[in-house]
Amino acid sequence: MENINEAPIGQLVVSDYRTAAIFKKYGIDFCCNGNRSIDATCAGNTDQADALKEEIRHILEMPTHGKEEGTDYSSWPLDLLADYIEKKHHRYVAEQIPVVTEYLEKLCRVHGYKHPELFEIRSLFSHCAEELSAHMKKEELMLFPFIRKMVAAKKGAGTTFSAPFNTVQNPIQVMMKEHQVEGERFSKIRSLSDEYTPPADGCNTYKVGYALLEEFENDLHLHIHLENNILFPKAIAMEGVFAC
């Protein structure tokens, strides 16, 4: 385990995904902005930094129970991790976009006159759906296949490869910038929805719609974390070995 005082928060989550819940509690982005230390993240608020470190230490001392949160993704082969992201998270996004969209459309029709923020939430999610769909296609058709070819070459499977984008760092930089955009977009959705809290006059559709949005964001955080903090750095390191 890296020094809690010095380790980037993204790496703390890599070491034990249970810490993600603590960062979420404090409203800290560990996926898109996971390259900062706790002190840097808290920006001089020593009381918050000390409290956060104490909670991190406590969770790290607790035994895991074999749940997904305790999965050591960093030990997985890169081709397996790419497959997992594609089959679990990409599929989830594709399946949930029409579901969430339908709920938001209904909420705007029924409650929009009293809660105009719903229209902005719908617009933000619509842009997210469009951009994420294109983003995932780029990964599935370009970046992930290249990562699989590198893994095959490392295994000595006789696979040769060349990067159509000069270096894997180029598409990775693009993907990370797009991750940042979606992280900020969902931060706005979370704020507009009052942390996904339905208003007093909210019906069951309201509650379900907000719950689906929150679930979507939580999945997106893990999805981006697996890429930004594990898959991408390891792919860059692997390419560096071939370049030597």
H89 vs H223 aromatic rings, parallel, tilted or perpendicular, using cut-offs 30° and 60°?
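Ring orientation, 0 to 90° scale: parallel.
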Is the Y196 ring parallel, tilted or perpendicular to the Y210 ring (thresholds 30°, 60°)?
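Answer is perpendicular, since the angle exceeds 60°.
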Separation of [Y] [atom2] from [X] [atom1] (nearest 0.5 Å):
X	Y	atom1	atom2	result
F30	T19	CZ	OG1	7.5 Å
D83	W76	CG	CH2	10.0 Å
E102	L107	CD	CG	10.5 Å
I189	F125	CD1	CZ	7.0 Å
I85	E227	CD1	CD	4.5 Å
F119	C108	CZ	SG	5.0 Å

Find out whether V208 and T205 are in side-chain contact, i.e. whether some heavy atom of one side chain is under 4.5 Å from a heavy atom of the other.
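SC-SC contact between V208 and T205 ruled out.
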Any salt bridge between [X] and [Y], counting N to O under 4.0 Å?
X	Y	result
D79	K155	yes
R148	E86	yes
E131	R185	no

Has [X] got more than 12 heavy atoms of other residues, nucleotides or ligands less than 6.0 Å from its [atom1]?
X	atom1	result
K137	NZ	no
E140	CD	yes
K106	NZ	no

Is the distance between the ring centroids of F144 and H90 under 6.0 Å?
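Yes, the ring centres sit under 6.0 Å apart.
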Do Q180 and E184 have side-chain atoms, one donor and one acceptor, less than 3.5 Å apart?
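Judged by distance alone, the side chains do pair up.
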Identify which one of E130, E178, E182 satisfies the side chain to side chain donor-acceptor pair (under 3.5 Å) criterion when paired with H135.
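Among E130, E178, E182, the one meeting side chain to side chain donor-acceptor pair (under 3.5 Å) with H135 is E178.
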Specify the closest pair of heavy atoms between [X] and [Y], including all atoms of both residues, with the distance to one decimal.
X	Y	result
A235	L78	N-CD1, 3.6 Å
I59	R18	O-NH2, 3.0 Å
H179	N228	ND1-OD1, 2.6 Å
L124	K188	CD1-CB, 3.9 Å

